[in-house]
Amino acid sequence: PPILVVQLELEPATWLYLATI
Amino acid sequence: TADTRWRRLRRRLARSLPGTLRGRFVLIMVVGVLAAQLASYVIWTSQVRDSRLAQLEELSSNVAFSVASTMRFFRSLPREYRHIVLDQLRDMGGPRFFVSVNEKRLDVADIGEGPEKARVVETFRRILTEQLDIDAVSVEFSRPETLRVFNNEVLLKDL
């Protein structure tokens, strides 16, 4: 099934990455 | 002229109708039944589509709230602890999602289209924006084979 990816910039040069694996 | 054309059309229509009254009744009934069938089919499919979209929205809002709480947890951690907590969680069986902290946004080969996808993405954006009080969030769908994790070189399937 397709995987949903959400990315959020917390601070400059810091990205929180979350995938529904 | 228009008048003769109209008369010719009426004559042709009358010729194609059944000659007897009974035949004409049968024709009207058949047409009426078909029209009723078509109307009920149109109403039924639109209701099914609406209820499917509503179910999808409920499902995606549940997942979005769960994603928001996971993100809020990681955001609340001091910067230097984030990696330690991530490692600990992975050792213990992990959170419900795959989480990593990266220096830049990873490229995602976004797939899918249509009203269903738009509804899911819109629901996620709305809930994450209001729950996390942010405006820069990207929500995308990826094929498992092309999903990148950690950085733009590592694919999930290579792990």
Side-chain angles (χ1 to χ4, degrees), chain A, chain B residues 60 63-64 66-77 79 82-83 86 94-112 116-117 120-121 123-125 127-129 131-132 134-151 156 159:
Chain A
I3 291 173
L4 184 80
V5 180
V6 181
Q7 298 188 76
L8 171 72
E9 190 172 26
L10 297 179
E11 298 126 30
T14 310
W15 282 82
L16 187 59
Y17 170 100
L18 190 147
T20 57
I21 295 176
Chain B
S60 51
V63 181
S66 170
V67 167
S69 77
T70 305
M71 287 192 141
R72 197 179 307 121
F73 169 69
F74 281 103
R75 195 168 62 164
S76 70
L77 293 173
R79 218 189 158 121
R82 282 184 195 135
H83 286 99
L86 266 178
R96 281 162 291 182
F97 308 107
F98 176 86
V99 183
S100 70
V101 181
N102 310 304
E103 284 178 4
K104 52 187 172 183
R105 197 172 92 85
L106 304 191
D107 296 333
V108 175
D110 199 22
I111 56 162
E116 286 88 359
K117 185 198 170 181
V120 172
V121 170
T123 306
F124 261 79
R125 283 233 176 86
I127 288 173
L128 290 175
T129 308
Q131 288 286 307
L132 298 168
I134 34 120
D135 43 26
V137 63
S138 79
V139 182
E140 289 155 302
F141 279 99
S142 170
R143 228 175 263 292
E145 308 87 61
T146 58
L147 183 70
R148 293 182 169 84
V149 288
F150 298 123
N151 60 52
L156 175 73
L159 284 181

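Just the heavy atoms: all of them, side chains too, but no hydrogens, waters or symmetry mates, feed the values below. Here is the naming used below: chain letters follow the sequence lines, and residue numbers restart at 1 for every chain.
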What pair of heavy atoms forms the shortest contact from B/I111 to A/P2, and how long is it? CD1-CB, 3.9 Å

Residue part contacting chain A, namely of B/V149, when any heavy atom lies under 4.5 Å: both

For the residue pair B/A136 and A/L8, what are the closest heavy atoms and their distance? O-CD1, 3.7 Å

Knowing that exactly one of B/V101, B/T70, B/V137, B/N102 qualifies, which makes a side-chain contact (heavy atoms from CB on, under 4.5 Å) with A/L16? B/V101

Can you name the nearest heavy-atom pair linking B/P144 to A/P1, along with the distance? CG-O, 3.3 Å

Please indicate whether A/E11 has more than 12 foreign heavy atoms, meaning atoms of other residues, nucleotides or ligands, lying under 6.0 Å from its CD. yes

Heavy-atom cut-off 4.5 Å, strictly under: side chain, backbone, both or neither for A/L10 against chain B? side chain

Relative to chain A, which segment of B/L147 carries a heavy atom at a distance below 4.5 Å: side chain, backbone, both, or neither? side chain

Which answer fits B/V108, side chain, backbone, both or neither, if we ask what part of it has an atom under 4.5 Å from a heavy atom of chain A? side chain

Between chain A and each of B/L106, B/I134, B/V120, count heavy-atom pairs under 4.5 Å; write down the option with the most. B/L106

Can you tell me which portion of B/F150 sits under 4.5 Å from chain A's heavy atoms? Options are side chain, backbone, both or neither. neither

What do you reckon, is CZ of B/R75 surrounded by more than 12 foreign heavy atoms closer than 6.0 Å? yes

In this structure, CD1 of A/I3 is separated from CZ of B/F97 (nearest 0.5 Å) by 12.5 Å

Under 4.5 Å to a heavy atom of chain A? For B/R148 that would be backbone

